[in-house]
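Heads up, the thing below is written out as structure tokens.
Quantities reported herein were computed from a predicted structural model and do not represent experimental measurements. Residues take their numbers from the sequence shown, with the count starting at 1.
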Amino acid sequence: QVQLVESGGGLVQAGGSLRLSCAASGRTFSNYAMGWFRQAPGKEREFVAAISWSGFMTYYTDSVKDRFTISRDNAKNTVYLQMNSLKPEDTAVYYCARGYGRPPSYEYDYWGQGTQVTVSS
């Protein structure tokens, strides 16, 4: 069983930064891609970013390109999402997930419980 635990969310002013972390259990972390998703109140969950198992390939939704950076440390079984220049519309619960299949359209099978990010104007 794989467990994903997100941390690092919080309240930040517009223009500020946050770094989310997602720690994974198990010994197969480095075999899988990882992704970040978010869900704002009243909206569907949306893709934010993904990273290949090696970390060499990354993918972003257009609205976060040049502001967010996904990275991973396979030695620590952890994936990160560095979020800069935050905007109120980035407010959401952020989830990490384990990905597999053909990039960039990964399938995701395990999900974390989410961490709240709130950006005040």
Rounding to 0.5 Å, atoms CZ (Arg38) and CD (Glu46) come to a distance of 4.5 Å
- Query: Stepwise, does the salt bridge (charged side-chain N to carboxylate O under 4.0 Å, His left out) test hold for Asp90 with Lys87?
  - Reply: CA-CA 5 Å; Asp90 295 318; Lys87 304 175 181 180; over 6 Å; no
Margin query: Taking the cut-offs as 6.0 angstrom to the six-membered ring centre and 45 degrees off its axis, would you call Arg98 and Trp111 a cation-pi pair?
Written below: no
>> If hydrophobic clusters are built from ILVMFWY residues whose side chains come within less than 4.5 Å, do Val64 and Leu81 share one?
In response: yes
- Hey, does the side chain of Asn74 reach the backbone of Trp53 with a donor-acceptor pair shorter than 3.5 angstrom? yes
task: Answer yes if Val117 and Val93 sit in the same cluster of Ile, Leu, Val, Met, Phe, Trp and Tyr residues linked by side chain heavy atoms under 4.5 Å apart, and no otherwise.
output: no
Distance only, no hydrogens: is a donor on one side chain within 3.5 Å (strictly under) of an acceptor on the other, for Thr78 and Asp73? no
*asked:* So for atom CD, which belongs to Gln3, do other residues, nucleotides or ligands contribute more than 12 heavy atoms lying within a distance under 6.0 Å?
replied: no
When Phe37, Trp36, Phe47 are each screened for side chain to side chain contact (heavy atoms under 4.5 Å, CB included) with Thr61, the one that passes is Phe47
So CE of Met34 and SG of Cys22: to nearest 0.5 Å the spacing works out to 4.0 Å
Exercise. Can you say whether the rings of Tyr106 and Tyr108 are parallel (under 30°), tilted (30 to 60°) or perpendicular (over 60°)?
Worked result: perpendicular
Check: Between Tyr60 (side chain) and Ile70 (backbone), is there a donor-acceptor pair under 3.5 Å?
Finding: yes
On a heavy-atom basis, the closest approach of Ala14 and Ser121 is CB-CA, 4.4 Å
Taking every heavy atom of Gln82 against every heavy atom of Ser17, the minimum-distance pair comes out as NE2-CB, 4.0 Å
- Message: Quick one: does any side-chain atom of Ser52 pair with a main-chain N or O of Ala33 as donor and acceptor, under 3.5 Å?
- Response: no
* Linking I/L/V/M/F/W/Y whenever any side-chain heavy atoms sit under 4.5 Å apart, do Leu86 and Val48 land together? -> yes
Next on the checklist: Please say yes or no: joined through hydrophobic side-chain contacts below 4.5 Å, possibly via intermediate residues, are Tyr32 and Phe29 part of one cluster?
Outcome noted: no
Next item on the list: Spell out, yes or no, whether Val2 and Ile51 are grouped together once hydrophobic residues are joined by side-chain heavy atoms under 4.5 Å, including indirect joins.
Entry: yes
OG (Ser7) and OH (Tyr94) are apart, to the nearest 0.5 Å, by 15.0 Å
Q. With no hydrogens and no angle check, is any side-chain donor or acceptor of Thr91 less than 3.5 Å from a backbone partner on Thr118?
A. no
The reported gap from OH in Tyr80 to CZ in Arg72 (rounded to nearest 0.5 angstrom) is 11.0 Å
For the backbone of Ser85 and the side chain of Arg67, can you confirm whether one donor and one acceptor N or O come within less than 3.5 Å of each other?
yes
To the nearest 0.5 Å, atom CG of Asn84 lies from atom CG of Asp66 at 11.0 Å
CD (Glu6) and CG (Leu20) are apart, to the nearest 0.5 Å, by 8.5 Å
